[in-house]
Amino acid sequence: MFLKKSLNLLSNNSRYYTTSTSKSGVANILGKVGIGRLNHVAIATPNLKESCDLYRNVLGAKVSEPVDQVEHGVTTVFVDLGNTKIELLHPIGENSPIQNFLKKNTSGGIHHVCIEVDDINHAVKTLLDENIRIIDPKPKIGAHGKPVVFLHPKSMNGVLVELEEK
Ligand SMILES: C[C@@H](C(=O)O)C(=O)SCCNC(=O)CCNC(=O)[C@H](O)C(C)(C)COP(=O)(O)OP(=O)(O)OC[C@H]1O[C@@H](n2cnc3c(N)ncnc32)[C@H](O)[C@@H]1OP(=O)(O)O
Ligand SMILES: [Co+2]
């Protein structure tokens, strides 16, 4: 049942029923969050230069220059994979939201997945109605100049999910 509920949560055409009732009354979940393709998989790294060299020189990938995303507390580098991207993340300062993650995962690790949505405000409203924890429901502009929000891992089977407007 839990797997079915999770699979339903991510599909954009299915309607699934849950024991909890949403604000619109009897459970009629998501409607259309308008979920789309995978934009990137983010990897937090303790050593950004080392990770860039690995993907550029060892794996031969096209690797962007580092960009400080000060509002997000990280420096980002994008590795172009053709059909999607890897986002390499390194913390900016002690208050970075990825500091704790790197303390627990000293070699780094997969930090989040980013999925595209048609309309981020519609997605936020839909997901809040279904009690999905959104870390900050007010979208911020992300690395691609588009609004992004983050869904808490506790609501998403232990995975931090970023939504980015198409
Ligand atoms: C530039 C932009 C873009 O692409 O456009 C970005 O990506 S910015 C990327 C950087 N910005 C963000 O990640 C913003 C959203 N992330 C956050 O606000 C934070 O990382 C949180 C998700 C709230 C976690 O914060 P923090 O690790 O300090 O809290 P915490 O240690 O209490 O963790 C709370 C629980 O979540 C788990 N947890 C923490 N980080 C996790 C992750 N990345 N994946 C899965 N689970 C995770 C912990 O193990 C813990 O579970 P237990 O309780 O079971 O032990
Ligand atoms: Co990201």
Side-chain angles (χ1 to χ4, degrees), residues 2-3 5-10 12 33-56 59 61-166:
F2 188 69
L3 180 61
K5 191 174 172 188
S6 308
L7 290 174
N8 278 337
L9 185 67
L10 289 175
N12 59 359
V33 171
I35 202 162
R37 69 187 196 99
L38 175 71
N39 183 279
H40 60 268
V41 175
I43 294 173
T45 174
N47 186 321
L48 192 58
K49 179 172 178 341
E50 205 176 81
S51 299
C52 289
D53 291 347
L54 172 67
Y55 280 93
R56 183 183 291 119
L59 295 170
K62 207 168 111 209
V63 176
S64 77
E65 289 306 309
V67 178
D68 285 351
Q69 301 291 341
V70 180
E71 204 190 354
H72 291 274
V74 292
T75 302
T76 61
V77 167
F78 280 94
V79 179
D80 186 348
L81 300 178
N83 65 333
T84 192
K85 295 182 277 292
I86 287 174
E87 178 183 50
L88 298 173
L89 293 174
H90 188 68
I92 296 176
E94 276 311 303
N95 297 327
S96 169
I98 71 168
Q99 272 302 3
N100 274 349
F101 181 90
L102 281 172
K103 279 187 191 126
K104 290 179 195 166
N105 305 277
T106 51
S107 314
I110 292 180
H111 183 261
H112 64 268
V113 294
C114 180
I115 305 173
E116 292 176 359
V117 290
D118 293 331
D119 176 333
I120 198 119
N121 290 314
H122 172 73
V124 165
K125 184 182 166 335
T126 304
L127 293 164
L128 285 177
D129 279 352
E130 298 313 323
N131 304 317
I132 300 293
R133 273 177 70 184
I134 302 182
I135 289 160
D136 179 352
K138 189 173 171 302
K140 277 188 193 163
I141 297 303
H144 298 125
K146 304 279 184 65
V148 301
V149 293
F150 286 86
L151 311 185
H152 200 283
K154 294 292 181 195
S155 291
M156 299 303 290
N157 301 138
V159 177
L160 180 62
V161 176
E162 179 181 11
L163 300 181
E164 177 180 308
E165 193 166 77
K166 278 177 191 159

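Whatever order the structure lists ligands and atoms in, that order sets their numbers, starting from 1.
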message: Would you say that Leu89 contacts His72 through its side chain, given a criterion of any heavy-atom pair below 4.5 Å between the two side chains?
response: no
field: Side chain to side chain, Pro147 and Ile141, heavy atoms closer than 4.5 Å
entry: yes
task: Look up atom 24 (C) of ligand 1 and tell me if a protein heavy atom lies less than 4.0 Å from it?
output: no
statement: Exactly one of Lys166, Arg37, Lys85 clears salt bridge (Lys or Arg N to Asp or Glu O under 4.0 Å) with Glu116, and that residue is Arg37
- line: The protein heavy atom nearest to atom 40 (N) of ligand 1 is Phe101 CD1, 4.2 Å
task: Tell me how many protein N, O or S atoms are closer than 2.8 Å to the Co ion (ligand 2).
output: 4
- request: Do me a favour and list the nearest non-hydrogen protein atom to atom 47 (C) of ligand 1 with residue, atom name and distance?
  value: Pro153 CG, 3.6 Å
- prompt: Which part of Pro97 is near ligand 1, with near meaning a heavy atom under 4.0 Å away: side chain, backbone, both or neither?
  reply: both
statement: Among Val161, Ile135, Thr76, Asn100, closest by heavy atom to atom 18 (O) of ligand 1 is Ile135
- prompt: Does a side-chain heavy-atom distance below 4.5 Å link Thr84 with Val41?
  reply: no
- request: Determine whether any heavy atom of Cys114 lies closer than 4.0 Å to an atom of ligand 1.
  value: no
task: State whether the side chain of Ser96 and the backbone N or O of Gly73 hold a donor-acceptor pair below 3.5 Å, judged by distance alone.
output: yes
query: Counting from 1, what ligand 1 atoms have a heavy atom of His112 closer than 4.0 Å?
result: 7 (O), 9 (C)
message: Side chain, backbone, both or neither: which applies to Glu164 and ligand 1 if a contact is any heavy-atom pair less than 4.0 Å apart?
response: neither
query: From Leu48 CG over to Ile43 CD1, what is the distance, rounded to the nearest 0.5 angstrom?
result: 11.5 Å
query: Are any non-hydrogen side-chain atoms of Pro139 and Asn121 less than 4.5 angstrom apart?
result: yes
- request: Provide, to 0.1 Å, the distance between atom 13 (O) of ligand 1 and the closest protein heavy atom, together with that atom's residue and name.
  value: His111 CE1, 3.1 Å
field: Proximal candidate to atom 45 (C) of ligand 1 [heavy atom criterion; set Gly73, Gly158, Gly109]
entry: Gly158
query: Does an N or O anywhere in Ala143 fall below 3.5 Å from an N or O of ligand 1?
result: yes
- request: State, yes or no, whether a side-chain contact exists between Leu160 and Met156 at a heavy-atom distance under 4.5 Å.
  value: no
- line: The reported gap from CD1 in Ile115 to NE2 in His112 (rounded to nearest 0.5 angstrom) is 10.5 Å
message: Distance check, rounded to the nearest 0.5 Å: Glu165 atom CD versus His144 atom NE2?
response: 14.5 Å
- request: Give a yes or no on whether atom 32 (O) of ligand 1 lies under 4.0 Å from any heavy atom of the protein.
  value: no
Any pair counted as side-chain hydrogen bond (donor to acceptor under 3.5 Å, both in side chains), so long as it reaches residues 98-109, sequence neighbours left out: none
task: Sort and list the pairs that fulfil salt bridge (charged side-chain N to carboxylate O under 4.0 Å, His left out) and have at least one residue in residues 138-158, not counting sequence neighbours.
output: none
field: Heavy-atom check, side chain of Leu127 versus side chain of Leu163, under 4.5 Å
entry: yes
task: Please report which non-hydrogen protein atom sits nearest to atom 55 (O) of ligand 1, along with the residue it belongs to and the distance in Å to one decimal place.
output: Lys104 NZ, 4.4 Å
Glu87, any N or O under 3.5 Å of ligand 1 N or O: yes
Side chain, backbone, both or neither: His144 near ligand 1, heavy atoms under 4.0 Å: neither
field: Whether Lys146 lies under 4.0 Å from ligand 1, heavy atom
entry: no
field: Over 12 foreign heavy atoms within 6.0 Å of CG, Asp136
entry: yes
message: For residues 80-106, which residue pairs pass the ring-ring contact (aromatic ring centres under 6.0 Å, His included) check, not counting sequence neighbours?
response: Phe101-His111
query: Would you call Gln99 a ligand 1 contact, heavy-atom distance under 4.0 Å?
result: no
- prompt: So between Ile110, Ile98, Val159, whose heavy atom ends up nearest atom 10 (C) of ligand 1?
  reply: Ile98
- prompt: In the protein, which heavy atom is nearest to atom 2 (C) of ligand 1, and how far is it?
  reply: Glu162 OE2, 3.6 Å
field: Separation between CG of Asp53 and CG of Leu59, rounded to the nearest 0.5 Å
entry: 11.5 Å
- prompt: Does an N or O anywhere in Val148 fall below 3.5 Å from an N or O of ligand 1?
  reply: no
task: Output yes when the distance from some N or O of ligand 1 to some N or O of His40 is under 3.5 Å, and no in every other case.
output: yes
- prompt: Taking atom 35 (C) of ligand 1 as the point of reference, which of Lys103, Lys154, Gln69 owns the nearest heavy atom?
  reply: Lys154
task: Just jot down the ligand 1 atoms closer than 4.0 angstrom to any heavy atom of Gly142, in number order.
output: 5 (O)
message: Between Leu54 and Glu50, is there a side-chain heavy-atom distance shorter than 4.5 Å?
response: no
field: Per-atom contact, atom 37 (C) of ligand 1, protein heavy atoms, under 4.0 angstrom
entry: no
task: Could you tell me the separation between the OG1 atom of Thr45 and the CG atom of Leu102, rounded to the nearest 0.5 Å?
output: 7.5 Å
task: Give the residue and atom name of whichever protein heavy atom lies nearest to atom 6 (C) of ligand 1, and the separation in Å to one decimal.
output: Phe150 CZ, 3.7 Å
